[in-house]
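What follows is a short report on a single structure.
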Amino acid sequence: MDFDIYKGKKVFLTGHTGFKGSWLALWLTNLGAEVCGYSLAPDTEPALFNILGLDKKVKKHILGDVRDFENLKKSVGSFKPDIIFHLAAQPLVRVSYKTPLETYQTNVMGVVNVLEAARMSGGVEAIVNVTTDKCYHNKEENYAYKETDPMGGYDPYSNSKACSELVTSSFRSSFFNPAHIGVKHNTALASARAGNVIGGGDYSLDRLIPDFIKAIYSGEKIVLRNPDAVRPWQFVLEPLSGYLLLGVKLLSKDRNSAAKYASAYNFGPYESSVITVENVVKEAIKILKKGSYSIDKGEHPHEAGLLQLCIEKADKELNWEPIYTVTKAIDETMKWYKAYNDGEDMLKFSNKQINEYAEQISFGTGS
Ligand SMILES: NC(=O)c1ccc[n+]([C@@H]2O[C@H](COP(=O)([O-])OP(=O)(O)OC[C@H]3O[C@@H](n4cnc5c(N)ncnc54)[C@H](O)[C@@H]3O)[C@@H](O)[C@H]2O)c1
């Protein structure tokens, strides 16, 4: 059982112009999948999607809004995907404090629209809704959240992703019930909750690594707002390998087997990679041998201080496990930005990172 199943599969990928979506689009096209991307246009300069020339690699590149149900329904209906990976979102905590309405509309009605479009299209075998570790009711205790723990979310982003999980759960009970797979419908629906992702090509606002890279290359200090915040850091390909593996299980020809995986999964790092913001920056400075930081002690909107994920379920049921340590993740990330700034061929470089990572996983292959 491996990722070869994606060869020739029709994959509808929302959020393909973003950071994680671009990496996933590249990996899927390397695997031989026919990818139809559906997203807003890239909104950073530079943008990984453009750097990798992904508009020419995907089968279909649709610039569309997940809030626009009619367009989404038409796009899913005409492409007739085997599987949908839903990544499109407003993914930033601080932005969500400024634009809560848009955040909820995109993250909650967005998933309702995707699931309803899939329901109306009829032939979709598998759906993976990508949410986040922040969906849990976070008590800020030394505890790693399990899939069965209650949803919550203090800020609008985290809460909207908890809502996205609840929507997924309702659609699974009401329309894509695992007990009726292969009888009343044929769709296995799961969700995936990952931690803080780092990797090359992220140019988002208000994220640690992009802020650090901007500071380094403009000769400034990075200013840390929450130096003591503890997060489960992981290399971008780690959760993506989890999403792909979950997709493999949901696409299983044996629909009774696929039904067993129609649930929520955490894809986080090992405990040793759960470190503070300040320690990530110190490690990056050590690797690059340049850079410095200062700490902003001013007032900031609430952000979680401590967050850990239990990954026993993904390990036991999917045989998924993290491969890279946090040091390796930071090292690979810094190498990517250095290569980009040195003018290297980034499609080649990014493919090399995917292949090196894929060679180390026991359940899949790269390009
Ligand atoms: N980056 C992380 O650390 C992290 C951690 C956990 C979960 N996630 C989740 O992973 C997913 C991808 O995150 P990312 O880091 O790549 O974010 P990103 O901001 O780089 O990409 C977001 C994507 O969503 C699209 N999008 C936003 N609003 C849209 C709309 N209204 N209609 C259509 N498309 C829209 C954008 O065009 C882009 O393609 C999100 O669902 C996010 O919540 C990210």
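Residues take their numbers from the sequence shown, with the count starting at 1. Every number for a ligand or one of its atoms is a count from 1 in the order of the listing. Fair warning: this is a prediction, and the values are worked out from it, not measured in the lab.
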Practice item. Could you tell me which residues satisfy ring-ring contact (aromatic ring centres under 6.0 Å, His included) with Y203, sequence neighbours excluded, listed by chain and number? Key: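 Result, ring-ring contact (aromatic ring centres under 6.0 Å, His included) vs Y203: Y337.
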Check your understanding: Got more than 12 heavy atoms from elsewhere within 6.0 Å of CG, N142?
Key ->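 Not more than 12 within 6.0 Å, no.
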Check your understanding: ring-ring contact (aromatic ring centres under 6.0 Å, His included): which pairs involve residues 262-281, sequence neighbours left out?
Key ->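 Qualifying pairs, neighbours excluded: F267-W320.
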Exercise for review: Quick one: closest heavy-atom pair of M151 and A162, and the distance?
Suggested key: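 Looking at all heavy atoms of both residues, the shortest contact is CB-CB, 3.8 Å.
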Note down each nitrogen or oxygen pair, ligand 1 side and protein side, whose separation is under 3.5 Å; give only atom names and the distance to 0.1 Å.
residue: ligand 1; atom: 1 (N); partner: R207; partner atom: NH2; Å: 3.3
residue: ligand 1; atom: 3 (O); partner: V197; partner atom: N; Å: 2.9
residue: ligand 1; atom: 8 (N); partner: K20; partner atom: NZ; Å: 3.3
residue: ligand 1; atom: 10 (O); partner: K20; partner atom: NZ; Å: 3.2
residue: ligand 1; atom: 15 (O); partner: R207; partner atom: NH1; Å: 3.0
residue: ligand 1; atom: 15 (O); partner: R207; partner atom: NH2; Å: 2.9
residue: ligand 1; atom: 16 (O); partner: F19; partner atom: N; Å: 3.3
residue: ligand 1; atom: 16 (O); partner: K20; partner atom: N; Å: 2.8
residue: ligand 1; atom: 20 (O); partner: F19; partner atom: N; Å: 2.8
residue: ligand 1; atom: 24 (O); partner: A89; partner atom: N; Å: 3.2
residue: ligand 1; atom: 31 (N); partner: D65; partner atom: OD1; Å: 2.9
residue: ligand 1; atom: 32 (N); partner: D65; partner atom: OD1; Å: 3.4
residue: ligand 1; atom: 32 (N); partner: V66; partner atom: N; Å: 2.8
residue: ligand 1; atom: 34 (N); partner: L40; partner atom: N; Å: 3.3
residue: ligand 1; atom: 37 (O); partner: T17; partner atom: OG1; Å: 3.1
residue: ligand 1; atom: 37 (O); partner: L40; partner atom: N; Å: 3.3
residue: ligand 1; atom: 37 (O); partner: L40; partner atom: O; Å: 3.2
residue: ligand 1; atom: 39 (O); partner: G15; partner atom: O; Å: 3.3
residue: ligand 1; atom: 39 (O); partner: T17; partner atom: N; Å: 3.4
residue: ligand 1; atom: 39 (O); partner: T17; partner atom: OG1; Å: 2.7
residue: ligand 1; atom: 39 (O); partner: G18; partner atom: N; Å: 3.0
residue: ligand 1; atom: 41 (O); partner: L87; partner atom: O; Å: 2.9
residue: ligand 1; atom: 41 (O); partner: K161; partner atom: NZ; Å: 2.8
residue: ligand 1; atom: 43 (O); partner: Y157; partner atom: OH; Å: 2.7
residue: ligand 1; atom: 43 (O); partner: K161; partner atom: NZ; Å: 3.2

Review point. If only atom types and distance count, is the side chain of Y104 paired as donor or acceptor with the main-chain N or O of M109 below 3.5 Å?
Key: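 The answer is no, because no donor-acceptor pair under 3.5 Å joins these two groups.
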Point to revise | Any residue meeting side-chain hydrogen bond (donor to acceptor under 3.5 Å, both in side chains) with D155, in chain and number order, not counting sequence neighbours | key: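 So D155 forms a side-chain hydrogen bond (donor to acceptor under 3.5 Å, both in side chains) with S158.
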